[in-house]
Visitor: 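I'd like to ask you about the structure that follows.
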Amino acid sequence: MGIVFDIQRFCVNDGPGIRTVVFLKGCPLKCQWCHNPESNSIKRQLYCEWNRCVHCGTCGAVCGQRVHEMDEGAHRIRFSGCALCGACVEACPQGALGVYGRERSAGEVVAEVMKDYDYYEDSGAGDHQRRGTHGTGGLCPGAVRGP
């Protein structure tokens, strides 16, 4: 089992062909160009899309850990106290809250990725795996090399 924080379909901007990218929690690479720092921690994490939050306080009303505070129109979250029960995520009327990371087996991930198999073959994706660059031009120091 591993903790997957996202599966992105139809990725076309960082190399040849169409790919599905699986983002795992606990990435040790710390690449300076990383666009997903939420992948660094191995643990699941509560997040808030602040631009969607309307400071209604619904999350605080259902949170047993009292990690949500509304203070003078600002929503503050004490992330370290969160038990990741998901009550606030379910209660938020704006969909501003979520949890990064979901435990999944390798088989579940492969089954999800293989749904797009026809796109990979038709678009030329996978060639970068055979070259071992994984879309980065070989710059990623910890990249796993393909066959």
Visitor: Taking CZ in Phe79 as the centre, count heavy atoms belonging to other residues, nucleotides or ligands within less than 6.0 Å. Is the count above 12?
Guide: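 Yes, enclosed.
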
Visitor: Which residue pairs pass the ring-ring contact (aromatic ring centres under 6.0 Å, His included) test when at least one of the two sits in residues 86-114, sequence neighbours left out?
Guide: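 Checked against ring-ring contact (aromatic ring centres under 6.0 Å, His included) - neighbours excluded - the pairs reaching residues 86-114 are Phe5-Tyr100, Tyr47-Tyr100.
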
Visitor: Quick check for you: to the nearest 0.5 Å, what is the distance between Thr20 atom OG1 and Gln8 atom CD?
Guide: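 Thr20 atom OG1 to Gln8 atom CD measures 9.5 Å (nearest 0.5 Å).
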
Visitor: Just wondering, more than 12 heavy atoms not from Lys43 lying within 6.0 Å of its NZ?
Guide: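 Open: at most 12 neighbouring heavy atoms sit under 6.0 Å from NZ of Lys43.
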
Visitor: Could you walk me through whether Leu84 and Leu46 pass the side-chain contact (heavy atoms from CB on, under 4.5 Å) check?
Guide: CA-CA 7 Å; Leu84 297 169; Leu46 177 69; 4.3 Å; yes

Visitor: Are any of the side-chain heavy atoms of Gln45 and Lys25 separated by less than 4.5 Å?
Guide: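 Side-chain contact under 4.5 Å: yes.
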
Visitor: Lys30 and Cys27: which non-hydrogen atoms are nearest, and at how many Å?
Guide: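 What the structure gives for the nearest pair is NZ-O, 3.8 Å.
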
Visitor: For a side-chain contact (heavy atoms from CB on, under 4.5 Å) check, start with the C-alpha distance between Lys115 and Arg9, then their side-chain angles and the critical distance, and finish with the verdict.
Guide: CA-CA 10 Å; Lys115 290 177 183 176; Arg9 293 189 145 79; 3.6 Å; yes

Visitor: Between Val67 and Gly81, which heavy-atom pair has the shortest distance, and what is it?
Guide: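 Smallest interatomic distance, heavy atoms only, reads CG1-C, 3.4 Å.
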
Visitor: May I ask you to test the Ser39-Leu24 pair for a side-chain heavy-atom distance under 4.5 Å?
Guide: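 With C-beta onward as the side chain, the pair stays apart.
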
Visitor: Are any non-hydrogen side-chain atoms of Val4 and Ile7 less than 4.5 angstrom apart?
Guide: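 Side chain of Val4 against side chain of Ile7, heavy atoms only: contact under 4.5 Å found.
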
Visitor: May I ask you to test the Met70-Cys56 pair for a side-chain heavy-atom distance under 4.5 Å?
Guide: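 They are not in contact (no side-chain heavy atoms under 4.5 Å apart), so the answer is no.
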
Visitor: State plainly whether one hydrophobic cluster holds both Met1 and Ile3, where clusters connect Ile, Leu, Val, Met, Phe, Trp and Tyr through side-chain heavy atoms under 4.5 angstrom apart.
Guide: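 In one cluster with Met1: Ile3, no.
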
Visitor: Taking the side chain as C-beta and beyond, is there a heavy-atom pair between Glu112 and Arg104 under 4.5 Å?
Guide: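 Result yes, sub-4.5 Å side-chain heavy-atom pair found.
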
Visitor: List the residues meeting side-chain contact (heavy atoms from CB on, under 4.5 Å) with Cys92, not counting sequence neighbours, and say none if there are none.
Guide: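 Partners of Cys92 under the side-chain contact (heavy atoms from CB on, under 4.5 Å) test: Gln94, Ala96, Leu97.
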
Visitor: Could you please spell out the steps behind the side-chain contact (heavy atoms from CB on, under 4.5 Å) verdict for Val22 and Asp6?
Guide: CA-CA 6 Å; Val22 178; Asp6 196 12; over 6 Å; no

Visitor: Taking atom CD of Glu69 and atom NE2 of His75, what is their separation to the nearest 0.5 Å?
Guide: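 One finds 9.0 Å between CD of Glu69 and NE2 of His75.
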
Visitor: Thinking salt bridges, do Arg102 and Glu108 make one under a 4.0 Å N-O criterion?
Guide: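 A salt bridge is absent here (no side-chain N lies under 4.0 Å from a carboxylate O).
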
Visitor: To the nearest 0.5 Å, tell me how far Thr58 OG1 sits from His68 NE2.
Guide: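 It is 10.5 Å, given to the nearest 0.5 Å.
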
